[in-house]
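The structure appears right after this line, and notes come after that.
Numbering of ligands and ligand atoms starts at 1, following listing order.
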Amino acid sequence: MSDTKVYKGSCFCGAVQLTVSGEPAGMGYCHCEDCRLWSAGPVNAFSLWQPESVSITKGEGNLETYNKTDNSYRKWCITCGGHVLSEHPGLGLTDVFAAVIPDLPFEAQLHVFYSEKVLSIKDGLPKMKDMPAEMGGSGEILEE
Ligand SMILES: [Zn+2]
Ligand SMILES: [Zn+2]
């Protein structure tokens with residue numbers, strides 16, 4: 001276990017700090033409307049982790065949570081408003097937004113919810129209509 005990789009992340013102001021360890025369960029871009037409206041951006045770059053791989057090392061009490069649906073519990077720092085992570089109980093995974101873990105080599109594998117996209121990204125990666133079948137989606141792949 002000594003070679004387990006650990007990456008540090010934080011919110012915009014640094015009041016909340018975290019680590020993720022090991023390898024992510026998946027990395028990519030989400031185009032869904034919920035991510036867009038909450039992030040105020042056209043896509044969300046996600047890295048998915050087993051919940052036990054994510055540790056809030058500072059400022060856990062500084063995190064606020066909002067869940068519009070039971071699929072996603074979105075957390076942000078109450079001081080700076082910076083978005084930190086989103087828990088997905090149905091998937092059993094936690095999305096630590098790639099942007100808050102700058103040291104993590106971000107290697108996107110796919111795009112999800114491309115049917116809801118407002119920004120086309122022609123990078124040659126698979127464009128899932130919603131989610132991969134093994135994650136409960138249709139598994140359908142769309143044109144770029
Ligand atoms: Zn903050
Ligand atoms: Zn999304």
> What protein N, O or S atoms come within a distance below 2.8 Å of the Zn ion (ligand 2), ordered by chain and number?
Replying inline: C30 SG, C32 SG, C35 SG
So do the side chains of [X] and [Y] get within less than 4.5 Å of each other, counting heavy atoms only?
X	Y	value
V16	T79	no
E87	K75	yes
H31	Y29	yes

> How about the Zn ion (ligand 1), which protein N, O or S atoms come within less than 2.8 Å?
Replying inline: C11 SG, C13 SG, C77 SG, C80 SG
>> When you group the ILVMFWY residues by side-chain heavy-atom contacts below 4.5 Å and let the links chain together, are F12 and I56 in the same group?
In response: no
> Is it true that V43 and L142 fall in one hydrophobic cluster, defined by side-chain heavy atoms closer than 4.5 Å?
Replying inline: no
> Rest of the hydrophobic cluster containing L91 (Ile/Leu/Val/Met/Phe/Trp/Tyr, side-chain heavy atoms under 4.5 Å)?
Replying inline: F46, L48, L93, L110, V112, F113, M128, M131, M135, I141
Using atom types as modelled, flag every donor-acceptor pair under 3.5 Å from a side chain in residues 19-28 to any protein atom, sequence neighbours excluded.
unit_1, atom_1, unit_2, atom_2, d
E23, OE2, K5, NZ, 3.2

> salt bridge (Lys or Arg N to Asp or Glu O under 4.0 Å) between E144 and K127: does it pass, once the steps are laid out?
Replying inline: CA-CA 7 Å; E144 287 195 319; K127 306 296 185 304; 2.6 Å; yes
> With a 3.5 Å cut-off and no angle check, do the side chains of D95 and N44 form a donor-acceptor pair?
Replying inline: yes
